[in-house]
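Keep in mind that this is a model prediction, so the values were computed, not measured. The basis for the numbers below is simple: all heavy atoms, side chains too, and nothing from hydrogens, waters or symmetry mates.
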Amino acid sequence: MSSVKLQVSSPDTFSERLYDINITIEQLKRKLETATGIRPDSQILTLCRSESDPTVIRQLDDDTKALGFYSPENGMLIKVSDKDPSKSMTGQYTDVSQVEKFEMTPEEYERRQDTVLSYKKAHKMGRFAPAAENPPATPPAAPSHHIVVGSRCEVDLSGGEGLIKRGTVRFVGPTQFGKAGGEWIGVEYDEPVGKNDGSVEGVRYFTCTPKHGGFVRPDKVKVGDFPEEEIEVEEM
């Protein structure tokens, strides 16, 4: 093997380069100057296992020795340190503390016409957008009752005249019928006093025997431990 592929790192650079193992360390330093910007007489070379494993193998401290004398292998890392940064540009490209910052007051920023803020103002975006003509719809209020499916109930079908019928709650919620909206209670009556079988206008909300189903508003329903109606059958 007459050449070796090595990683090269310095405070400002990182690269991977192919070097002839027969060149001297002095010649290597001259080549590394172009890669790192560090003067040869300021370089300290350390041979490490790799970038991910910075275990030190040898210090390349004899300028007269050939690179091959230190037995470098493909993938190893040469770490180049600068013992006299004042003579080079080392660190000046990575030390942000040396960068002069441009600062602007909020008032100066608002007066500029080439900013994101001025663009948003001109195009009425974000907080500069006009208020919506139609405010967001108010979410439906939580139900004021405690009627749940499966509860036994009594339903006032008389409008205050005392016609009370018992049944079982089979549906609670909004429906596709009725223009007023709101919640409806679907009831399966014990007797055939209903108007449907749990479906209205082709939409099924629950299933029961025909004429045993009906829908009423929650204020017409009283839930409780109501036994089923005893229906008398006349003997023929």
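- Taken to the nearest 0.5 Å, the OH atom of Y70 stands 6.0 Å off from the CG atom of L60.
- Between R152 and D190 there is a salt bridge, since at least one side-chain N of the basic residue sits less than 4.0 Å from a carboxylate O of the acidic one.
- Checked by atom type and distance alone, the side chain of T36 pairs as donor or acceptor with a backbone atom of L32 at under 3.5 Å.
- To the nearest 0.5 Å, atoms NZ (K165) and SG (C153) are separated by 13.0 Å.
- Follow the hydrophobic side-chain contacts under 4.5 Å out from V169 and you reach V193 in the same cluster.
- For D53, there are no salt bridge (Lys or Arg N to Asp or Glu O under 4.0 Å) partners two or more places apart in sequence or in a different chain.
- Using a 4.5 Å cut-off between side-chain heavy atoms of Ile, Leu, Val, Met, Phe, Trp and Tyr, with links allowed through other members, Y189 and F226 fall into different hydrophobic clusters.
- Going from atom CD of E110 over to atom OG1 of T105 covers 9.0 Å, rounded to the nearest 0.5 Å.
- When side chains are defined from C-beta on, I44 counts as touching Q59, because their heavy atoms get closer than 4.5 Å.
- Taking each heavy atom of N196 and G214 in turn, the nearest pair found is OD1-N, 3.7 Å.
- Rounded to the nearest 0.5 angstrom, I25 CD1 and I78 CD1 are separated by 7.0 Å.
- Under 4.0 Å is where a charged nitrogen must lie from a carboxylate oxygen, and between E26 and R30 at least one such pair does.
- Exactly one residue among F171, F215, W184 makes a ring-ring contact (aromatic ring centres under 6.0 Å, His included) with F206. That residue is F215.
- In plain terms, the two heavy atoms of S2 and D20 that are nearest each other are O-OD1, 3.0 Å.
- In this structure, CG on L28 lies 6.0 Å from CG on L67, to the nearest 0.5 angstrom.
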*Report the C-alpha separation of L77 and F14 in whole Å, then their side-chain angles, then the decisive distance to 0.1 Å, and conclude whether the side-chain contact (heavy atoms from CB on, under 4.5 Å) test is met.*
CA-CA 10 Å; L77 172 72; F14 180 86; 4.1 Å; yes
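- I164 and L157 fall into different hydrophobic clusters, where Ile, Leu, Val, Met, Phe, Trp and Tyr are joined by side-chain heavy atoms under 4.5 Å apart, directly or via other members.
- Applying the side chain to side chain donor-acceptor pair (under 3.5 Å) test between D197 and each of K211, H212, R204 identifies R204 as the sole match.
- In this structure, the side chain of T24 engages the main chain of Q27 through a donor-acceptor pair within 3.5 Å.
- With a 6.0 Å radius and a threshold of 12 heavy atoms from other residues, nucleotides or ligands, Y119 has its OH atom at or below the threshold.
- V4 is not connected to L18 by any chain of hydrophobic side-chain contacts under 4.5 Å among Ile, Leu, Val, Met, Phe, Trp and Tyr, and they are in different clusters.
- Using a distance-only test at 3.5 Å, with no hydrogens or angles considered, no donor-acceptor pair links the side chain of E188 to the main chain of C208.
- A salt bridge does not link D156 with K222: every distance from a Lys NZ or Arg NE/NH1/NH2 to an Asp or Glu carboxylate oxygen is 4.0 Å or more.
- In terms of heavy atoms, Y109 sits closest to V116 at OH-N, 3.9 Å.
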*Might you work through the side-chain contact (heavy atoms from CB on, under 4.5 Å) test for T207 and R170, ending with a clear yes or no?*
CA-CA 8 Å; T207 301; R170 299 300 187 195; over 6 Å; no
_Show, in sequence, the C-alpha distance, side-chain angles and deciding distance for R112 and M104, and conclude whether the side-chain contact (heavy atoms from CB on, under 4.5 Å) test is met._
CA-CA 11 Å; R112 294 180 67 104; M104 181 185 303; 3.4 Å; yes
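- Neither F177 nor I185 shares a network with the other; the hydrophobic side chains, linked directly or stepwise wherever heavy atoms of I, L, V, M, F, W or Y lie under 4.5 Å apart, form separate groups for each.
- Judged purely by atom type and a 3.5 angstrom limit, R166 has no side-chain atom pairing as donor or acceptor with the backbone of V155.
- In the displayed structure, D114 atom CG is contacted under 6.0 Å by more than 12 heavy atoms of other residues, nucleotides or ligands.
- The closest side-chain heavy-atom distance from Y205 to Q176 is below 4.5 Å.
- How far CD of Q7 is from NZ of K79: 13.5 Å, rounded to the nearest 0.5 Å.
- The two atoms that bring P40 and K29 nearest to each other are O-CD, 3.6 Å, heavy atoms only.
- Side-chain contact between P72 and I57 is absent, with no heavy atoms from C-beta onward closer than 4.5 Å.
- For the pair V200 and T175, the minimum side-chain heavy-atom distance is 4.5 Å or more.
- A heavy-atom distance below 4.5 Å is not found between the side chains of V223 and H146.
- In this model, a donor atom of one side chain and an acceptor atom of the other lie less than 3.5 Å apart for D62 and T64.
- Partners of E51 by salt bridge (Lys or Arg N to Asp or Glu O under 4.0 Å), not counting sequence neighbours: none found.
- Using a 4.5 Å heavy-atom cutoff, the side chains of V8 and Y19 are in contact.
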*List the steps and the verdict of side-chain contact (heavy atoms from CB on, under 4.5 Å) for S50 and S52.*
CA-CA 5 Å; S50 66; S52 58; 3.2 Å; yes
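- Ionic pairing of D41 and R39 is present here: one or more N-O contacts between side-chain nitrogen and carboxylate oxygen are shorter than 4.0 angstrom.
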